[in-house]
Asks: 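Below you will find the structure I want to go over with you.
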Amino acid sequence: MKHIISFGILVSTVLAFASPVLAQTVFVSTQLRPIEEATVVREELLKDVGSVDYVVEEPPQFAVRMEAERQAGKHTVSLVGALHGELSPLADKDTLEPLDDLAKKLAASGMPQSLLDLGKLGKSTQQYIPWMQATYVMAAKKEALQYLPDGADVNALNYDQLIAWGKNMQEATGQPQIGFPAGPKGLMARYFQGYFYPSFTGGVVRTFQSADAAAGWEKLKALWAYVTPNSTSYDFMQEPLAAGEVMVAWDHIARLKNAISAAPDDYVVFPAPAGPKGRGYMPVVAGLAIPKGAPDKAGAEKVIEHLSMPETQLLTASKVGFFPTLNVKLPPDLDAGVALLAGAVTATQASKDAVISLLPVGLGDKGGEFNKVYMDSFQRIVLQNEPIADVLKAQGATMAKLMTDTKAACWAPDAKSDGPCPVE
């Protein structure tokens, strides 16, 4: 009932305020919502781009508002900024303007085609323009580099090399020196969904209980021999890195930033390792899209072009910590820690063996249960040493039921499905 009331109020609001002449380009965003960030957007990122009304919305309210405008046939919003998964339902209802001409311009300006392809949302036309991104990377104290195995390139590691590196560090220091955020509030589930599974199996759901997955879990068990047991209590890796508890760590860039910005000369930042199927990574991509019926399409296109300029992308990185979608040269005066992180993001997306794994789509309020499948598998296989085949069979059944219950179709890197994504 609450949602029905909210929907009705929004429809009324849309109808009441949809005037034939709008003085401003209304830009509704689920991103950069905190007042400090929204102020940066209004006063700095959108400076000199014309009259723009930057309106922030929580994701649930954003979805209701856009549906209200669609059903009412009265449009006040000319531009939206939201995550890939938040824009996907709008594309499914065919409510977004194609942006192919803008995409061609940005490809020529250095936006990676892999990111632009994400913005098609499975359609033949460009549904959104990638605006800014975050992801997960690895960071290491420079003193750890002396223990790299012969021939290893820190920017192009594979799992065997990471294991050898961990072994060398442990033998030299007497302690395991690799850390993961496997604590209660850590983002370890994203490691499995965006990095481990894509790298070893080329998928996330379809390949969950495959022979490739079993081989990957064997490799992870070998790596875990050189991972500090304290990892199961770590939520953010910046603290143990800064405290010297570990020398090498994997985490979200926002959860590494404080340590690296505080002592940028002490660190190197680099892509996660590759497995047999490539170098899995999970881009957290926010996009810009124009709703069909937008009252100021020209103004919206102008804002997109402005926010996609190299100088604006770099300003966004330095001010709010989201990184460019363009391949841009970093200015010498950019915060040194942000520059290190941005360089690792660029190196990751530019890797020839990159395998993009999207955030889960279509799970509704079951995202936590989806994460739990991976974390329970990790607990049972790696920490409790249960037989891999038995665990994958049991957890695969749980995964299959979850997909069936939510009717969630497959998302990249899994091949598309007509119905619920199958566990094969």
Side-chain angles (χ1 to χ4, degrees), residues 136-140 144-183 186-204 207-234 237 240 245-251 270-281 353 355 357 373-396:
Y136 303 75
V137 294
M138 295 196 75
L145 296 178
Q146 63 186 304
Y147 304 116
L148 275 171
D150 291 342
D153 176 358
V154 75
N155 287 306
L157 287 177
N158 60 41
Y159 272 87
D160 286 333
Q161 291 169 333
L162 180 60
I163 291 168
W165 193 11
K167 182 174 186 287
N168 292 345
M169 287 188 289
Q170 185 163 320
E171 289 177 348
T173 65
Q175 300 290 333
Q177 294 291 345
I178 299 174
F180 283 85
L187 294 173
M188 192 70 182
R190 298 304 191 212
Y191 165 73
F192 292 116
Q193 297 157 10
Y195 295 80
F196 173 76
Y197 257 86
S199 296
F200 281 94
T201 76
V204 177
T207 57
F208 180 80
Q209 59 186 20
S210 64
D212 287 337
W217 282 107
E218 288 284 8
K219 192 70 70 174
L220 186 62
K221 288 177 70 174
L223 172 62
W224 213 259
Y226 308 111
V227 172
T228 176
N230 291 335
S231 288
T232 54
S233 65
Y234 292 153
M237 289 313 302
E245 295 177 25
V246 297
M247 297 170 73
V248 177
W250 174 96
D251 208 345
F270 49 97
K277 301 295 185 180
R279 194 172 305 276
Y281 86 99
D353 55 354
V355 179
S357 182
V373 171
Y374 293 93
M375 293 308 295
D376 285 354
S377 300
F378 164 67
Q379 290 274 349
R380 293 176 62 181
I381 293 172
V382 178
L383 302 184
Q384 298 171 16
N385 200 32
E386 293 186 31
I388 293 173
D390 293 350
V391 174
L392 292 184
K393 182 178 180 180
Q395 294 299 126

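Computed from a predicted structure; not experimentally measured. All values below come from the heavy atoms of this structure, side chains included, with hydrogens, waters and symmetry mates left out.
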Asks: Measuring only between side-chain heavy atoms, which start at C-beta, is Pro276 closer than 4.5 Å to Asp212?
Replies: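 They are not in side-chain contact.
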
Asks: Distance-only, no hydrogens or angles: does the Ser199 side chain make a donor-acceptor pair with backbone N or O of Ala274 under 3.5 Å?
Replies: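 Checked: no pair found.
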
Asks: What distance separates Gln209 CD from Thr201 OG1, expressed to the nearest 0.5 Å?
Replies: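 Interatomic distance, Gln209 CD to Thr201 OG1, rounded to 0.5 Å: 12.0 Å.
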
Asks: Just jot down the ring-ring contact (aromatic ring centres under 6.0 Å, His included) partners of Tyr281, sequence neighbours excluded, or say none.
Replies: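 Not a single residue meets the ring-ring contact (aromatic ring centres under 6.0 Å, His included) criterion with Tyr281.
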
Asks: Measure from the side-chain N and O atoms of Gln170 to the backbone N and O of Lys167, and report whether any donor-acceptor pair falls under 3.5 Å.
Replies: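 Flag not set: sc Gln170 to bb Lys167 has no pair under 3.5 Å.
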
Asks: Run Leu223 and Ile178 through side-chain contact (heavy atoms from CB on, under 4.5 Å) and show every step you take.
Replies: CA-CA 9 Å; Leu223 172 62; Ile178 299 174; 4.0 Å; yes

Asks: Rounded to the nearest 0.5 Å, how far does CG of Asn155 lie from CE of Met138?
Replies: 12.0 Å

Asks: Atom CD in Gln146, atom CE in Met247: separation rounded to 0.5 Å?
Replies: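 Reported value, rounded in 0.5 Å steps: 6.5 Å.
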
Asks: Looking only at heavy atoms, which two atoms of Pro273 and Asn158 are closest? And how far apart?
Replies: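 Smallest interatomic distance, heavy atoms only, reads CB-C, 3.8 Å.
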
Asks: May I have all residue pairs that pass salt bridge (charged side-chain N to carboxylate O under 4.0 Å, His left out) and include part of residues 379-388, sequence neighbours excluded?
Replies: Arg380-Glu386

Asks: Restricting to non-hydrogen atoms, name the atom on Ala140 and the atom on Val248 that form the minimum distance, rounded to 0.1 Å.
Replies: CB-CG2, 3.8 Å

Asks: Between Thr228 (side chain only) and Gln177 (backbone N and O only), is there a donor and an acceptor less than 3.5 Å apart?
Replies: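 Not at all, since once roles are kept as given, no pair shorter than 3.5 Å links the two residues.
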
Asks: Do any N or O atoms from the side chain of Asn168 and from the backbone of Tyr147 form a donor-acceptor pair under 3.5 angstrom?
Replies: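 Confirmed, Asn168 side chain pairs with Tyr147 backbone.
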
Asks: Once rounded to the nearest 0.5 Å, what's the spacing between atom CD of Gln395 and atom CG of Asp390?
Replies: 11.5 Å

Asks: Between Phe180 and Tyr234, is the side-chain contact (heavy atoms from CB on, under 4.5 Å) condition met? List the steps.
Replies: CA-CA 7 Å; Phe180 283 85; Tyr234 292 153; over 6 Å; no

Asks: Donor-acceptor pair, distance only, cut-off 3.5 Å: does the side chain of Tyr195 make one with the backbone of Tyr136?
Replies: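 The answer is yes, because a donor-acceptor pair under 3.5 Å joins these two groups.
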
Asks: Shortest non-hydrogen contact from Ala144 to Met169?
Replies: CB-SD, 3.8 Å

Asks: For residues Phe200 and Lys277, determine if any side-chain heavy atom of one lies less than 4.5 Å from a side-chain heavy atom of the other.
Replies: no

Asks: Holding to ring-ring contact (aromatic ring centres under 6.0 Å, His included), I want the full list of residues that pass it with Phe192, two or more places apart in sequence or in another chain.
Replies: Phe196, Trp217, Phe378

Asks: Side-chain contact test, heavy atoms from C-beta onward, threshold under 4.5 Å: evaluate it for Leu392 versus Ile381 and give yes or no.
Replies: yes

Asks: I'd like to know whether the aromatic ring centres of Tyr374 and Tyr191 sit less than 6.0 Å apart in this structure.
Replies: no

Asks: For a quick test of reading the model, state the closest non-hydrogen atom pair linking Arg279 to Pro271 and the distance between them.
Replies: CD-CB, 4.0 Å

Asks: Rounded to the nearest 0.5 Å, what separates atom CG in Asp160 from atom CH2 in Trp165?
Replies: 15.0 Å

Asks: For Trp250 and Val137: C-alpha separation, side-chain torsions, deciding distance, then whether side-chain contact (heavy atoms from CB on, under 4.5 Å) applies.
Replies: CA-CA 6 Å; Trp250 174 96; Val137 294; over 6 Å; no

Asks: Determine whether more than 12 heavy atoms belonging to other residues, nucleotides or ligands lie under 6.0 Å from atom NZ of Lys393.
Replies: no

Asks: Kindly indicate, with the supporting measurements, whether the criterion side-chain contact (heavy atoms from CB on, under 4.5 Å) is fulfilled by Phe270 and Leu157.
Replies: CA-CA 9 Å; Phe270 49 97; Leu157 287 177; 3.9 Å; yes

Asks: Between Asp251 and Met237, is there a donor-acceptor pair closer than 3.5 Å when you use the side chain of the first and the backbone of the second?
Replies: yes

Asks: Look at the side chain of Tyr197 and the backbone N and O of Thr207, then say whether any donor-acceptor pair between them is shorter than 3.5 Å.
Replies: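 The answer is no, because no donor-acceptor pair under 3.5 Å joins these two groups.
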
Asks: Any side-chain heavy atom of Asp153 within less than 4.5 Å of one from Gln161?
Replies: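 They are not in contact (no side-chain heavy atoms under 4.5 Å apart), so the answer is no.
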
Asks: Could you grab the distance from atom OG of Ser231 to atom CG of Leu383, nearest 0.5 Å is fine?
Replies: 9.5 Å

